[in-house]
Amino acid sequence: MKERRVRVRFAPSPTGPLHMGGVRTALYNYLFAKKHNGDFLLRIEDTDQTRYVSGAEEYIVDALNWCQMSIDEGASVGGENGPYRQSERKPMYKQYADQLIESGSAYYAFDTPEELTEMRERMKAAGVSSPQYNAITRSGMKNSLTLPAEEVQRRLLANEKHVIRIKMPRNEDVKFEDIIRGWVSVNTNNIDDKVLFKSDGMPTYHLANVVDDYLMNISHVIRGEEWLPSAPLHVLLYQSLGWAEQMPKFAHLPLILKPDGNGKLSKRDGDRLGFPVFPTNWTNPETGEESSGYRERGYYPEAFNNMLAFLGWNPGTTQELFSMQELVEAFSLDRVGKAGAKFDFDKTNWFNQQYLRMQGGEQLAPQLKPFLASAQLEAEDSYIAQVCELMKERATFVQDILKEGRYFFEAPTSYDEKTIKKKWKEQTPEIIKELRDLLAALPSFDAESIGACFKAFLEAKELGFGAVMPGFRVSVTGLGAGASMNDIAALLGKEEVLNRIDIALKTIKK
RNA sequence: GGUCCGUUCGUCUAGGGGUUAGGACUCAUGGUUUUCAUCCAUGCAACAGGGGUUCGAAUCCCCUACGGACUACCA
């Protein structure tokens with residue numbers, strides 16, 4: 001049998017920013033597509049006009065972009081199967097709804113919202129916990145199954161408000177094989193007569209989704225587990241429309257759970273727990289409320305992707321650091337777990353730290369520059385690169401290099417109190433002064449010479465490291481801890497170091 | 001409530017009949033370091049419970065418990 005070309009879609013609805021769970025779904029789709037040399041489409045599911053949020057679609061495209069998932073087909077890039085916004089595909093759906101009516105798989109329903117709630121309440125009162133519009137209840141409602149044909153015609157011609165519902169068969173087992181979960185079987189008695197076509201002329205998710213996946217020749221539907229319960233309905237739709245042969249394979253992904261308590265990670269968990277849930281910053285256009293994103297917090301998209309990929313998937317080896325290309329090569333849906341994964345912020349930071357460290361000082365320098373600029377500090381590129389190289393081991397984000405090593409770019413304006421209190425003894429000024437003069441006489445001011453000089457000084461004076469080093473460090477950096485003083489001093493240069501010592505000796509008072 | 005899906009260290013997970021149940025993050029301890037971080041080493045720590053099947057079950061089956069998703073003219 002000829003293999004079908006792999007075509008997958010990520011199909012968010014533009015009701016707000018994408019959150020991590022959505023990004024991971026997109027990522028798995030992307031990885032799967034690329035692994036099989038297939039296509040990754042972005043389809044905007046905006047059939048609910050009342051929930052449309054302006055800027056959300058742009059946000060989604062931008063976020064995907066930042067995460068380095070290139071879109072093969074979509075509204076932002078075009079393609080042969082467009083349009084890629086369901087609102088723009090509106091005229092395409094009606095015929096399929098009509099087809100379902102003609103084949104007897106669907107029917108018109110004229111019930112008003114009030115009548116529907118009335119029915120539900122009546123059922124509840126009768127002891128039915130979750131009332132459904134189904135094979136039983138539909139006989140008591142106003143629809144083309146109960147109303148005389150002439151009246152249905154009359155109402156239709158009069159343009160009376162109506163929806164189209166699927167006629168869910170009675171007592172049939174719908175089975176399908178999910179790539180992640182295996183065979184899933186649901187009896188149709190448990191599924192209601194879902195609305196396929198709304199009274200506003202738009203299809204619901206279910207119809208639009210199936211029609212579009214068919215028309216766009218989607219081979220695999222990879223989506224969140226929240227869709228598992230409606231998958232049987234979709235399967236039925238493919239069958240009723242005569243598309244059983246073209247039905248895509250399904251893979252329902254486990255959910256990403258809140259790190260605390262229970263439940264799936266939601267948009268509202270945002271900054272509540274001290275970490276972003278969004279890939280990039282988002283400002284709610286209605287309320288002006290701001291939510292922080294990984295990009296702006298200083299995370300690398302590679303680290304973010306790597307972390308996300310491992311939330312529910314693993315390569316089966318002990319390798320944890322994967323470039324996008326490696327992820328593509330290693331990815332397989334077989335290795336996606338079934339159970340939900342709690343998000344772990346510590347691990348996310350660890351990934352970022354690893355990615356930071358892989359880079360050389362020259363790579364890091366341009367990243368640090370904007371932070372220097374906004375702190376109104378400046379330095380030569382090669383100097384910044386050296387600072388980065390020296391400091392990267394102790395940073396999680398590039399900006400940490402500035403945070404931890406501000407003294408590389410300006411003389412300390414204050415001195416760490418704890419260190420002064422504990423280490424700045426009565427004789428310290430005198431010792432530091434002597435060391436200063438020794439350093440001043442050094443012909444070559446490199447780390448090695450400084451180290452040698454320092455050591456010789458200790459030996460001559462019969463002093464321990466602890467008696468000299470903290471004073472030296474705090475004088476030059478203002479801090480009690482940090483990178484090797486030899487390296488720091490060498491980088492700063494002789495003049496600057498001597499200068500700082502002089503100032504410190506004048507300034508520091510016990 | 002109903003339907004469906006799930007359950008291995010605190011967290012992410014490996015493992016699919018015979019393993020001292022492995023790795024990673026976190027944490028703790030020790031070593032390296034003038035210090036902090038890094039790095040290295042070590043440690044803490046798990047098969048939800050009960051029944052089967054089997055010579056043998058974390059692994060297969062059933063039940064229970066717990067968790068989750070869904071239950072709209074939202075996706």
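This is a predicted model, so every value here is computed, not measured. Reminder, nothing fancy here: chain letters follow the sequence lines and each chain counts from 1. Side-chain atoms are counted along with the backbone in the values below, which use heavy atoms only and exclude waters and symmetry mates.
- Using a 4.0 Å heavy-atom cutoff across all strands shown, R51(A) reaches at least one base atom of the nucleic acid.
- Comparing rC73(B), rU3(B), rU35(B) by their nearest atom to the side chain of A481(A) picks out rU35(B).
- rA28(B): Watson-Crick or G-U partner is rU42(B), with both key distances under 3.5 Å.
- Residue contacts shown for F310(A) are limited to sugar-phosphate atoms, with no base heavy atom under 4.0 Å away.
- Summarising the geometry, the separation between CE on M20(A) and C1' on rC12(B) is reported as 12 Å, rounded to the nearest angstrom.
- Going from the C1' atom of rU42(B) to that of rG49(B) covers 34 Å, rounded to whole Å.
- Between rA75(B) and T47(A), a contact under 4.0 Å exists linking OP1 or OP2 to a side-chain N or O.
- Across rG6(B), rC73(B), rA14(B), the shortest atom-to-atom separation from the side chain of K338(A) is found for rG6(B).
- Between R335(A) and the phosphate of rG15(B), there is a side-chain N or O to OP1/OP2 separation shorter than 4.0 Å.
- Across all strands, S484(A) comes closer than 4.0 Å to base atoms (heavy-atom distances).
- Counting non-hydrogen atoms under 4.0 angstrom, S13(A) reaches the backbone sugars and phosphates but no base.
- Look at R357(A) and you won't find any side-chain N or O under 4.0 angstrom from OP1 or OP2 of rA37(B).
- One interatomic measurement links the two molecules: CG of N190(A) to C1' of rC4(B), which rounds to 9 Å at whole-angstrom precision.
- In this structure rA37(B) sits in no base pair that meets the Watson-Crick or G-U test at under 3.5 Å.
- When the C1' atom of rC74(B) is taken as reference, atom CG of N209(A) falls 13 Å away, rounded to whole Å.
- Within 4.0 Å of T318(A), counting heavy atoms only, lie sugar-phosphate atoms of the nucleic acid but no base atom.
- In this structure, rG16(B) shows a glycosidic angle within 90 degrees of zero, which is the syn conformation.
- Here V195(A) lies in heavy-atom contact (under 4.0 Å) with sugar-phosphate atoms only.
- Checked options L492(A), L491(A), V497(A); the residue passing with F445(A) is V497(A) (criterion: side chain to side chain contact (heavy atoms under 4.5 Å, CB included)).
- Between K124(A) atom NZ and rG1(B) atom P there is a gap of 14 Å when expressed in whole angstrom units.
- Checking rU34(B), rU11(B), rA24(B) against every side-chain atom of M469(A), the shortest atom distance belongs to rU34(B).
- Among the heavy atoms of the strands, none lies under 4.0 Å from D400(A).
- Taking atom P in both rG22(B) and rC39(B), one finds a spacing of 23 Å when rounded to whole Å.
- When each of A395(A) and S129(A) is assigned the nucleotide of RNA chain B with its nearest heavy atom, S129(A) is the one assigned upstream, toward the 5' end.
- Contacts of M485(A) with the nucleic acid, taken as non-hydrogen atoms under 4.0 Å apart, include base atoms.
- Across all strands shown, the partner of rC60(B) is rG52(B), judged by Watson-Crick or G-U wobble contacts whose two distances both fall under 3.5 Å.
- Distance check: M391(A) CE to D487(A) CG gives 11.0 Å after rounding to the nearest 0.5 Å.
- The residue G316(A) sits apart from the nucleic acid: no heavy atom pair falls under 4.0 Å.
- For R394(A), counting side-chain heavy atoms from C-beta on, the closest listed nucleotide (rG15(B), rC12(B), rA37(B)) is rA37(B).
- Of the candidates rU7(B), rU11(B), rG68(B), rG68(B) carries the atom nearest the E225(A) side chain, counting heavy atoms from C-beta on.
- rC55(B) sits 35 Å from rC66(B) when the P atoms are compared, rounded to a whole Å.
- Using a 3.5 Å distance cut-off with no hydrogens or angles, the side chains of Y108(A) and E160(A) do not pair a donor with an acceptor.
- Between rG50(B) and rG18(B), the two C1' atoms lie 24 Å apart (nearest whole Å).
- Note that the CE atom of M119(A) and the CE atom of M141(A) stand 4.5 Å from one another [nearest 0.5 Å].
- Relative to the side chain of L228(A), the nucleotides rU35(B), rC4(B), rU7(B) differ in distance, and rC4(B) lies closest.
- Under the 3.5 Å distance criterion, with hydrogens and angles disregarded, no donor-acceptor pair is assigned to the side chains of D193(A) and N134(A).
- Within the 4.0 angstrom heavy-atom criterion, base atoms lie near A483(A).
- As a whole-Å value, the separation of K347(A) NZ from rC25(B) C1' is 4 Å.
- Both distances falling under 3.5 Å, in either a Watson-Crick or a G-U wobble arrangement, place rG67(B) opposite rC5(B).
- Distances from the side chain of E226(A) to the nucleotides rU3(B), rA69(B), rU34(B) place rA69(B) closest.
- Spacing between rC9(B) and rC44(B) at atom C1', rounded to whole Å, works out to 10 Å.
- Across all strands shown, rU20(B) forms no Watson-Crick or G-U wobble pair with both distances under 3.5 Å.
- Outside the 6.0 Å centre-distance limit, the rings of Y294(A) and Y300(A) are not counted as a close aromatic pair.
- Figure legend. rA75(B) is base-paired to no nucleotide; pairs are counted as Watson-Crick or G-U wobble with both atom distances under 3.5 Å.
- If you check every strand for non-hydrogen atoms under 4.0 Å, G464(A) touches nothing.
- Between the C1' atoms of rA37(B) and rA21(B), the separation comes to 34 Å (whole Å).
- The backbone N or O of E115(A) sits less than 3.5 Å from a side-chain atom of T112(A), completing a donor-acceptor pair.
- The side chain of K392(A) contributes no N or O atom lying less than 4.0 Å from OP1 or OP2 of rU38(B).
- Residues S130(A) and G337(A) both approach RNA chain B. Their nearest nucleotides, taken by heavy-atom distance, put S130(A) toward the 5′ side.
- The structure places CG of L18(A) at 6.5 Å from CG of L64(A), a figure rounded to the nearest 0.5 Å.
- Without hydrogens or angle criteria, N143(A) side chain to R138(A) main chain gives a donor-acceptor distance under 3.5 Å.
- Whole-Å rounding puts the F343(A) CZ to rU11(B) P distance at 15 Å.
- Rounded to whole angstrom, the span from the CZ atom of F250(A) across to the P atom of rA69(B) amounts to 22 Å.
- Taking the P atom of each, rA14(B) and rU71(B) are spaced 29 Å apart, rounded to whole Å.
- Counting heavy atoms from C-beta outward, M469(A) and F472(A) have side chains that approach closer than 4.5 Å.
- Rounded to whole angstrom, the span from the CE atom of M168(A) across to the P atom of rU71(B) amounts to 14 Å.
- The D344(A) side chain lies nearest to rU11(B) when the options are rG6(B), rU11(B), rA69(B).
- Taking atom C1' in both rU26(B) and rG10(B), the straight-line distance is 8 Å, to the nearest Å.
- Residue K264(A) has its side chain nearest to rA69(B) when only rG6(B), rA69(B), rU26(B) are considered.
- When the nucleotides rC73(B), rA75(B), rU34(B) are ranked by their closest atom to the side chain of W227(A), rA75(B) comes out on top.
- Distances shorter than 4.0 Å separate none of the side-chain N or O atoms of K342(A) from OP1 or OP2 on rG6(B).
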